[in-house]
Amino acid sequence: MPTDHRDSALPVSRATDAQGRKRLVVVGNGMASLRFLERLTEGCPGLYDVACVGAEPQAAYNRVLLSSLLGGEIDEAATAFRGLDWYESHGIRLITGAPVTAIDRENGRAIVGDAHVLPFDTLVLAVGSLPIRLPKPGMDLPGVITFRDLSDVAAIRKAAVEHAKAIVIGGGLLGLEAAAGLAKRGIDTTLLHVMDRLMERQLDHEAAGLVRRAMEERGVRVILGADTAAVEGDGRVERLRLADGTILPADLVVMSVGVRPSLALAQGAGLATNRGILVDDRMATSDPRIFALGECAEHRGLVYGLVEPSYEQADTLARHLSGQPAAYEGTHLATSLKISGLPVFSAGLVDTPADAEAVTLFDPGAGLYRKLLLREGRLVGAVFVGDIAEQASCKALIRSGEPVGDVDDLMFGRPAPQSLAA
């Protein structure tokens with residue numbers, strides 16, 4: 001049952017706003033949606049009559065903390081961003097537990113559930129993405145769970161009973177987080193990755209090797225080059241079979257092999273889509289009244305699927321709808337995080353191309369790795385593990401394209417300024 005956090009029921013919305021405000025409907029209440037609402041209410045409070053519709057029963061929460069929640073380091077309350085009072089105080093009608101099922105572009109209406117209607121002058125799609133399930137036999141068996149939202153965490157916790165054997169498929173960031181969370185709970189955990197190194201999009205072989213060691217030190221068995229053939233069992237998960245014939249016992253399989261943009265709503269409305277919902281530099285779709293941002297949006301051929309670009313897109317759209325000049329020109333991607341307590345940073349290129357020079361520092365015993373990729377004296381990539389103190393400088397240099405100057409300052413850190421003698 002949808003929950004309207006402003007009204008006790010879900011009446012048909014007014015056809016017009018009594019105060020003459022533009023009617024804005026935001027579809028989705030994830031991290032990108034909330035960022036947009038925060039910036040919009042800061043930039044033009046009261047300009048829009050705002051309704052926000054979220055399919056999940058909770059208001060927006062921090063998905064980055066799901067692994068900490070899974071591992072028992074925090075409780076669910078710690079993942080929350082804004083209380084319901086924030087939405088109310090900013091005049092935002094929040095409806096949760098209610099997917100928008102259709103968009104009537106001709107009449108400017110969003111259909112919520114089976115019958116509720118929200119008229120709009122402007123519509124924002126922040127519908128996120130859907131977890132991918134491998135097209136292999138047995139992926140629909142009970143005990144195969146994705147790792148994407150709070151309900152997934154609850155399902156994994158329920159399945160991860162004492163002495164259970166868990167297998168996580170996928171060696172990207174989410175897979176590592178899921179495996180680390182399970183191991184933290186004392187669960188026998190194996191991580192499978194089809195590639196020859198973990199996080200291959202963000203890390204080179206040396207950096208990925210340090211991450212693998214950190215995972216194994218925390219009790220996660222890592223198998224690389226592992227091509228899953230099938231999940232098997234009588235009525236529920238009992239084992240996983242690899243393409244080379246290896247059989248791995250399993251009570252729980254966590255699927256974390258990536259996401260794909262949620263396109264069904266946009267396609268049903270006849271909006272232009274490719275890998276994502278196509279948007280221009282103002283985040284407008286093929287319908288000038290409808291905008292898209294975050295993991296569902298495709299801008300200049302790219303679908304980012306990351307928090308930082310989503311926030312930059314949200315900021316751009318909020319400025320545009322506030323009547324300010326705004327254009328999103330893309331995001332220079334960087335990764336900065338902790339994996340099993342190990343700081344990791346990467347930006348720009350990861351592997352060394354033929355026309356670039358690599359400057360490296362590698363101390364496996366200390367768990368320390370730094371690589372700078374230089375092309376004609378300019379920084380085009382950086383990978384740090386263990387000590388990421390110079391990440392801000394690296395990001396700025398990659399984005400600006402300015403000459404590096406003293407490479408040692410980036411590799412070893414800038415010396416502290418000397419105080420002048422009195």
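The backbone N or O of Ala160 lies less than 3.5 Å from no partner atom in the side chain of Arg185, so there is not a single donor-acceptor pair. Side-chain atoms of Lys371 come within 3.5 Å of backbone N or O of Val350 as a donor-acceptor pair. The closest donor-acceptor contact from the side chain of Arg260 to the backbone of Arg275 lies at 3.5 Å or more, if one exists at all. Under a 3.5 Å cut-off, the side chain of Thr101 and the backbone N or O of Gly113 do form a donor-acceptor pair. In this structure a side-chain-to-backbone donor-acceptor pair under 3.5 Å is present from Arg105 to Ala269. A donor-acceptor pair is defined here as one N or O able to donate and one able to accept, closer than 3.5 Å; such a pair exists between the side chain of Asn29 and the backbone of Ala60. No donor-acceptor pair under 3.5 Å is formed between the side chain of Thr331 and the backbone N or O of Leu333. Of the possible donor and acceptor atoms, one in the side chain of Ser286 sits under 3.5 Å from a partner among the backbone N and O of Ala272. Listed for the Asp75 side chain is a donor-acceptor partner under 3.5 Å among the backbone atoms of Ala78. Between the side chain of His332 and the main chain of Ile398, no donor-acceptor pair closer than 3.5 Å is present.
In the model, His320 has a side-chain atom that pairs as donor or acceptor with a side-chain atom of Arg282 under 3.5 Å. Side-chain atoms of Gln313 and Tyr304 form no donor-acceptor pair, as typed in the model, at a separation below 3.5 Å. Side-chain atoms of His205 and Asp196 include a donor-acceptor pair closer than 3.5 Å. Between the side chains of His163 and Asp188, no donor N or O sits under 3.5 Å from an acceptor N or O.
Distance check, rounded to the nearest 0.5 Å: CG of Leu40 to CG of Leu47 gives 7.5 Å. Note that the CG atom of Leu198 and the CD1 atom of Ile339 stand 8.0 Å from one another [nearest 0.5 Å]. Taken from NE2 in His193 to CD1 in Ile169, the straight-line distance is 12.0 Å, to the nearest 0.5 Å. Taking CZ of Phe147 as the start and CG of Leu174 as the end, the distance is 6.5 Å to the nearest 0.5 Å. Here the NE2-OG1 distance, from His90 to Thr41, works out to 4.5 Å after rounding to the nearest 0.5 Å. Between the CD atom in Glu232 and the CG atom in Leu248 there is a gap of 11.0 Å [rounded to 0.5 Å].
With a 4.5 Å cut-off on side-chain heavy atoms, Lys136 and Val231 do not count as touching. Contact check for Met195 versus Leu224: no side-chain heavy atoms found under the 4.5 Å cut-off. At a threshold of 4.5 Å between non-hydrogen side-chain atoms, the residues Asp149 and Tyr61 count as touching. The shortest distance between side-chain heavy atoms of Leu118 and Val100 does not fall below 4.5 Å. Side-chain atoms of Ser67 and Leu176, non-hydrogen and from C-beta on, never get closer than 4.5 Å to each other. The side-chain heavy atoms of Arg157 and Leu70, taken from C-beta on, include a pair separated by under 4.5 Å. The side-chain heavy atoms of Val211 and Tyr369, taken from C-beta on, include no pair separated by under 4.5 Å. Residues His116 and Ile95 have side chains in contact (heavy-atom distance under 4.5 Å, counting atoms from C-beta outward).
For the side-chain contact (heavy atoms from CB on, under 4.5 Å) with Ile92, the qualifying choice from Leu84, Val50, Leu24 is Val50, the only one to do so.
What you find for Cys52 and Ser33 is that their closest heavy atoms are SG-OG, 3.7 Å. Nearest heavy atoms, Cys44 versus Ser322: SG-OG, 3.3 Å. Nearest heavy atom pair, residue Gln202 against residue Val383, reads O-CG2, 4.3 Å. Contact detail for Leu379 and Val404: the closest heavy-atom pair is N-CG2, 3.5 Å. Heavy-atom minimum distance, Ala314 versus Arg35: CB-CG, 3.7 Å. The two residues Ala183 and Val220 make their nearest non-hydrogen contact at CB-CG2, 3.7 Å.
Salt-bridge check for Arg197 with Asp204: failed, with every basic side-chain N at 4.0 Å or more from each acidic carboxylate O. A salt bridge links Arg39 and Glu42; the closest N-O separation between the charged side-chain nitrogens and carboxylate oxygens is under 4.0 Å. Checked for salt-bridge contact, Asp152 and Arg63 miss the test: no charged N lies under 4.0 Å from a carboxylate O. With salt bridges taken as basic N to acidic carboxylate O contacts below 4.0 Å, one links Glu38 and Arg82. We find that Lys338 and Glu73 are not joined by a salt bridge, their nearest charged nitrogen and carboxylate oxygen being 4.0 Å or further apart.
Taking the centre and axis of the six-membered ring of Tyr48, the NZ or CZ atom of Arg21 falls outside the cone set by 45° and 6.0 Å.
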Could you go through the side chain to side chain contact (heavy atoms under 4.5 Å, CB included) check for Phe81 and Met31 one step at a time? CA-CA 9 Å; Phe81 280 122; Met31 295 172 68; 3.7 Å; yes
Are Thr246 and Ile223 close enough, and set up right, to give a side chain to side chain contact (heavy atoms under 4.5 Å, CB included), and what steps lead you there? CA-CA 11 Å; Thr246 301; Ile223 304 177; over 6 Å; no
Test log, rule side chain to side chain contact (heavy atoms under 4.5 Å, CB included), inputs Arg93 and Asp4: CA-CA 7 Å; Arg93 180 184 185 185; Asp4 188 327; 2.5 Å; yes
Before you tell me yes or no, could you show the steps for Lys395 and Phe345 under side chain to side chain contact (heavy atoms under 4.5 Å, CB included), namely the whole-Å CA-CA distance, both residues' side-chain angles and the distance that decides it to 0.1 Å? CA-CA 10 Å; Lys395 287 169 64 175; Phe345 164 75; 3.6 Å; yes
Step by step, work out the side-chain hydrogen bond (donor to acceptor under 3.5 Å, both in side chains) result for Ser129 and Arg148. CA-CA 10 Å; Ser129 55; Arg148 186 66 180 158; 2.7 Å; yes
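Note on residues 372-385: pairs passing side-chain hydrogen bond (donor to acceptor under 3.5 Å, both in side chains), not counting sequence neighbours, are Asp355-Arg375.
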